[in-house]
Every structure is written in structure tokens, then in C-alpha cells.
Number of protein chains: 2
Amino acid sequence: MTRSSTETALALYLRRLSGRSPLGDEERAALLATPGFATLIDVERDFVRVGEPVHHACLIIHGLVARFAQTRNGDRGIVAIHIPGDMADLHSVVAPQVTWALHALTPTRILRIPHEALRELARRYPSIAAAFSRDCAVDASILAHWNANLGRKNALARIAHLFAEMHVRYQLIGERSGGFPFPITQVDLADAVGLTPVHLNRMLKRLADEGVAVKNPDSVRILDEQRLIRLGQFDPAYIQPGRR
Amino acid sequence: MTRSSTETALALYLRRLSGRSPLGDEERAALLATPGFATLIDVERDFVRVGEPVHHACLIIHGLVARFAQTRNGDRGIVAIHIPGDMADLHSVVAPQVTWALHALTPTRILRIPHEALRELARRYPSIAAAFSRDCAVDASILAHWNANLGRKNALARIAHLFAEMHVRYQLIGERSGGFPFPITQVDLADAVGLTPVHLNRMLKRLADEGVAVKNPDSVRILDEQRLIRLGQFDPAYIQPGRR
DNA sequence: CGCATATTTGATAGATTTCAATTTATGTGG
DNA sequence: CCACATAAATTGAAATCTATCAAATATGCG
């Protein structure tokens with residue numbers, strides 16, 4: 001609700017967008033002036049539900065969010081993880097009948113931005129429209145790579161790939177330490193990489209024992225980035241189109 | 001190159017778009033008049049490669065196309081399958097440095113449509129721009145559901161889900177028989193569902209033995225649609241937002 | 001301190017891969 | 001139309017990975 005957190009969140013998002021889509025001063029100013037209201041979401045709460053038409057996109061200010069695909073019988077699976085600076089459901093602007101749920105993995109602060117405001121921005125500034133589209137394209141690209149991971153890599157490689165990806169994504173919003181905040185439970189993490197919590201636990205231990213990376217309750221510390229990248233066969237190109 | 005096949009392909013695409021995004025007569029006419037040149041792609045050939053900037057989007061006229069995610073070391077995995085009427089890389093209009101390859105699983109005829117023509121259409125007709133965005137959103141939605149499938153379902157359910165999904169998608173372009181054309185090799189199919197060809201083969205046999213569905217060399221025949229849907233826990237909502 | 005939740009460990013069952021070989025389809029030239 | 005070469009599909013047996021089940025230990029929190 002505070003003005004400052006709104007600005008911070010938009011600035012974070014702007015930074016991410018700018019990395020891929022250069023924007024002029026006018027566009028930057030317009031984006032930063034976008035209206036929205038901040039909301040605090042309790043942990044373990046769905047704040048976007050399947051089937052309900054939505055009229056706002058959710059920009060994550062603080063916390064950690066999971067996107068769940070849901071089958072008719074109620075089974076759910078994490079298909080994406082969102083961090084601060086992510087517009088978690090930009091797609092919903094054009095497809096308001098969302099086909100997935102958004103769920104707070106930790107207490108989370110989001111900025112709800114009216115679809116109409118985003119449409120107006122896109123209408124007025126073609127370069128912002130392009131940046132939005134590109135953001136959706138990157139989202140799709142990440143989903144596609146997760147497909148490849150889940151379908152073809154073993155447990156250790158999947159975890160390594162996820163850690164490597166999250167690391168790069170946190171770097172894009174300014175994280176500079178040898179790791180990244182990751183306050184996710186092992187049960188949820190297991191869900192995200194398509195493993196049993198038990199097996200995930202064992203693989204995490206192995207990752208730590210071998211000096212590659214350590215999962216702490218609230219973060220991941222990367223001990224040997226090169227080995228992590230090799231293990232997960234990670235190539236950051238799909239997150240930053242145009243760079244390598 | 002022939003005028004007729006160009007028109008057919010665009011009409012097919014228009015039909016798919018219209019199912020989700022009502023378009024006016026003017027928009028429909030403009031879309032059908034989009035320029036493009038048809039090309040015949042040999043089987044097993046990449047016609048879009050990772051890294052190369054592209055300036056055309058590929059509308060599939062006839063045949064079957066796989067989208068491959070590619071890791072740095074050359075490993076590839078099918079992350080999506082495209083059928084006639086699909087614009088396989090609409091994303092590339094805003095992200096010309098593609099992060100996946102397009103590969104012809106069978107001899108395939110595509111229509112290459114200049115990005116510029118698509119941008120012009122979107123510029124002039126906001127409802128077409130929205131339809132394009134929605135098409136991308138559905139693509140992302142399909143990717144997300146595949147994530148859930150690959151991560152959490154067993155071999156049989158994954159195959160059933162894919163068959164159910166392909167069936168619905170073929171119905172959207174007018175297929176009315178109790179099945180759909182699917183001239184894909186078992187090796188490629190195994191790749192798409194993240195299984196070994198050997199295991200896929202066994203599961204296909206089981207699917208047939210139990211009277212659910214039969215994979216023939218060029219098609220899939222669905223024997224018991226209800227059971228197929230139940231097995232794969234398939235919910236078509238994510239392919240047709242707004243309908244159920 | 002004590003409860004509730006999260007993590008860790010052990011033992012076993014089950015699904016899937018791997019390796020190796022065989023059969024069946026498909027296409028081509030004579 | 002047949003013989004051959006090639007690719008695709010199928011089968012079997014063993015190894016491996018991951019899930020499942022059940023219990024113990026840590027950890028955070030009021």
C-alpha cells in the first residue's frame with residue numbers, strides 16, 4: 001500500500017524488462033507511474049485461482065510464489081517459481097480465464113496492477129507492448145526448458161538446473177552474493193522438480209557433500225558454480241535472449 | 001508457393017484463432033491476405049535453428065513439427081509438437097533470437113510469414129494483436145501443463161494425456177474421426193513424453209491391449225475416449241480458455 | 001518446555017532404463 | 001513382383017533410479 005514499495009517493485013520489474021528491451025525515458029517514466037495496490041499474501045495461500053476471471057496482473061514485490069497447474073480432480077503441480085520483480089501472470093492480460101493458480105510459498109507482498117492500466121501502457125507505447133510480449137516469450141521459454149529438464153534429466157541434474165536458473169534470475173534483479181534467497185520447503189521444491197521429498201532430500205545432501213551447492217532453509221549457497229552448471233547442463237541463453 | 005495452399009493454411013490458422021478470439025470481417029479478410037511464401041521441408045530437417053535470428057514466423061500447412069529445446073552440449077528434447085494450423089514460432093516476432101529449434105518430423109509444408117507483416121497486422125488491428133497474444137498465452141499454457149505431466153505422471157498417464165491433447169487440438173482444426181493423424185516415430189514420441197523408446201513401446205502396447213487407444217504408424221485411433229481422458233487426467237480447459 | 005512442522009534416515013517395492021538381440025515394416029532397384 | 005537394404009518396432013533380462021512406507025531426529029515457535 002505504501003508508495004515506496006510500489007515504486008520499488010515497478011523499478012525492479014523495469015530493470016528486468018530493460019535488460020532485454022531498451023526503453024526510452026518517457027516509457028520508463030510511464031511504466032514507473034503505473035497504478036496498482038500492494039497486498040500482503042499469507043503463506044500457503046492461493047491468491048489467483050483457476051477458473052476465476054482476473055482483472056489484475058500480479059507483480060511480486062517480496063517473497064516467493066509458485067504457479068500451479070491443476071487437473072480437474074484437484075491434483076496440482078508446481079510449473080514455475082516466481083521471484084520479486086516477476087510479473088507472475090502477465091499472460092492473464094490477454095487470457096483472463098487463467099489455467100493455473102498462483103500460490104504464496106512464503107508471506108508475500110504483491111502489487112496488483114489493473115489489466116486496463118497495462119493495456120493502456122501497451123497501447124500508448126509500442127516499445128512497452130513489445131517489452132511485455134518479450135517478457136511473456138521468456139516466460140514460455142523457461143517453461144519449455146523445464147519441459148526438457150523434467151523429461152530427460154535425472155534428479156541431480158534437475159535440481160542443479162533449477163538452482164542455476166534461479167541464480168541467474170536473481171542476478172538479473174541485483175543479487176550479487178554467491179547464492180540466492182530461496183525460502184522454499186523441501187516438499188515444495190520436490191514438487192517443482194518432479195521428485196519425492198525423500199529423494200529430493202537425498203540428492204540435496206549429495207549436492208552438498210560433493211561441494212556443489214547447499215540448500216539452507218532460506219537460501220541456496222553455491223559452492224562451485226561451474227560444476228553446478230555442468231551438472232544441470234545449464235545454458236543461460238534462454239533467460240536473456242540476445243545475450244550469451 | 002501456390003496461392004491455394006497459402007489460403008488454406010491461413011484459413012486454418014484463422015479458424016483456430018477465431019475459436020478463442022472473435023474477429024470482425026475486416027480483420028478476418030486482412031489476416032487471410034497476409035503475405036507469405038510456402039516452403040517444403042524435408043523430413044528430419046531443422047528449418048529453424050537455435051541462435052540464428054529469424055525474420056519469419058512459420059505457419060504449418062501440412063505435416064508434423066517438433067520444437068526442440070537444446071542444451072549447449074547439443075542434447076535436445078522435444079518440448080512441443082505442432083500440427084497444421086499452428087504458428088509454431090509466433091513468439092519469435094518479439095524475440096527473434098529463438099531459444100529452440102523447429103524440426104520436421106515428416107515432410108512438411110510451411111508458410112513463412114514475415115515478422116513485419118505480422119507486426120503490421122497487429123499494429124493496424126488491435127483485436128488481431130490480442131488474438132496473437134492469446135495464441136502465445138495458450139502455447140505457454142500447453143507448455144505449463146506438459147511440465148505438470150512430465151513431473152508428476154507415470155508413463156501411461158503421460159502418453160494418454162498427450163493423445164488426449166492432440167485429439168482436441170486436431171478437433172479444433174476440423175478433424176472429426178475417432179482419432180487423429182500422427183505420423184510420428186516411436187523414438188520421437190518417446191522423446192516427447194520423456195521416456196525410453198523401449199518403455200514407450202511397452203506402454204503403447206498396454207494402451208492398445210486395454211482397448212484405450214492404438215498408435216498406428218501414421219495415426220492414433222482412440223477406442224475409449226473417456227478412459228483415455230481419465231488415464232491422462234486430461235482437462236481441455238487449458239487449450240480453449242473461456243470454454244469448458 | 002512442548003507441540004507442530006520440516007528434515008533426515010532406513011528398508012523395500014516398483015517403475016523405468018539400459019543393453020542386446022530379434023522381428024517386422026518400408027522402400028528401392030532389378 | 002521379388003530380393004535386398006535399411007529403418008522401425010518389438011521382445012527379454014538385468015541394472016538403476018526413484019517411489020513408497022515407516023520411523024526417527026531436528027527445528028522453529030508460542
Side-chain angles (χ1 to χ4, degrees), chain A residues 42-45 64 66 75 77-78 103-107 148-162 182-210 213-221 231-232, chain B residues 42-45 64 66 75 77-78 103-107 148-162 181-210 213-221 231-233:
Chain A
D42 288 341
V43 63
E44 286 185 16
R45 208 170 85 64
L64 203 61
D75 271 9
I78 294 179
H103 174 96
L105 294 174
T106 68
N149 289 338
L150 291 171
R152 255 157 304 281
K153 291 179 187 162
N154 64 15
L156 211 58
R158 287 186 216 173
I159 300 166
H161 193 281
L162 177 60
F182 207 28
I184 190 175
T185 195
Q186 286 193 13
V187 172
D188 287 332
L189 185 51
D191 186 347
V193 293
L195 295 173
T196 303
V198 173
H199 199 57
L200 174 87
N201 180 276
R202 289 178 173 136
M203 295 300 110
L204 283 180
K205 194 181 172 200
R206 188 139 120 210
L207 228 40
D209 284 349
E210 298 191 358
V214 178
K215 168 77 177 73
N216 299 312
D218 291 347
S219 66
V220 169
R221 192 155 41 92
L231 249 178
Chain B
D42 288 340
V43 63
E44 286 186 15
R45 208 170 85 67
L64 203 61
D75 271 9
I78 294 179
H103 175 98
L105 294 174
T106 68
N149 290 338
L150 291 171
R152 256 156 303 280
K153 291 179 186 162
N154 64 15
L156 211 58
R158 287 185 215 173
I159 300 166
H161 193 281
L162 177 59
F182 206 28
I184 190 176
T185 194
Q186 286 192 13
V187 172
D188 287 330
L189 184 53
D191 186 348
V193 293
L195 296 173
T196 303
V198 172
H199 198 56
L200 174 88
N201 180 277
R202 288 176 176 136
M203 295 301 109
L204 282 180
K205 193 180 171 200
R206 188 139 121 213
L207 227 40
D209 284 348
E210 298 190 359
V214 178
K215 169 77 177 72
N216 298 313
D218 291 347
S219 67
V220 168
R221 191 154 41 93
L231 248 178
Q233 305 208 76

Holding to side-chain contact (heavy atoms from CB on, under 4.5 Å), I want the full list of residues that pass it with A:Asp218, two or more places apart in sequence or in another chain. A:Pro183
Taking side-chain contact (heavy atoms from CB on, under 4.5 Å) as the definition, give me every residue that meets it alongside A:Thr185, ordered by chain and number, with sequence neighbours left out.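 Partners of A:Thr185 by the side-chain contact (heavy atoms from CB on, under 4.5 Å) criterion, ordered by chain and then number, come out as A:Val187, A:Asp188.
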Taking the side chain as every heavy atom from C-beta outward, state whether B:Leu162 and B:Leu189 have any atom pair closer than 4.5 Å.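 Touching, per the 4.5 Å side-chain cut-off.
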Pair up each side-chain donor or acceptor in residues 193-207 of chain A with any protein partner under 3.5 Å, not counting sequence neighbours, and list the distances.
unit_1   : atom_1 : unit_2   : atom_2 : d
A:Asn201 : ND2    : A:Gln186 : OE1    : 2.9

Smallest separation among heavy atoms of [X] and [Y], with atom names:
| X | Y | result |
| --- | --- | --- |
| A:Lys153 | A:Arg158 | O-NE, 3.0 Å |
| A:Leu231 | A:Ala160 | CB-CB, 3.8 Å |
| A:Val220 | A:Ala213 | CG1-CB, 4.5 Å |

Report for the helix from C:dC1-D:dG30 to C:dG30-D:dC1: angle between first-end and last-end helix axes, five pairs each, rounded to 10 degrees. 40°
Can you pull the contact range of chain A along DNA chain C, 5' to 3', using atoms under 4.0 angstrom from its heavy atoms? C:dA6 to C:dA11
Can you build the contact string for nucleotides 12-30 of chain D? Use B for base contact, S for sugar-phosphate-only contact, and - for no protein heavy atom under 4.0 Å. BB----BSBB---------
Tell me whether the OP1 or OP2 atom of [N] has a side-chain N or O from [X] closer than 4.0 Å.
| X | N | value |
| --- | --- | --- |
| B:Asn201 | D:dA9 | no |
| B:Thr185 | D:dA9 | yes |
| B:Lys215 | D:dA9 | no |

side-chain hydrogen bond (donor to acceptor under 3.5 Å, both in side chains) involving B:Lys215 - partner list, sequence neighbours excluded: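 Per chain and number, B:Lys215 pairs via side-chain hydrogen bond (donor to acceptor under 3.5 Å, both in side chains) with no residue.
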Could you tell me whether a side-chain N or O of A:Arg152 sits under 3.5 Å from a main-chain N or O of B:Asp191, the two making a donor and an acceptor? yes
Begin from the C-alpha positions of A:Arg45 and A:His103 and carry the test side-chain contact (heavy atoms from CB on, under 4.5 Å) through to its verdict. CA-CA 6 Å; A:Arg45 208 170 85 64; A:His103 174 96; 6.0 Å; no
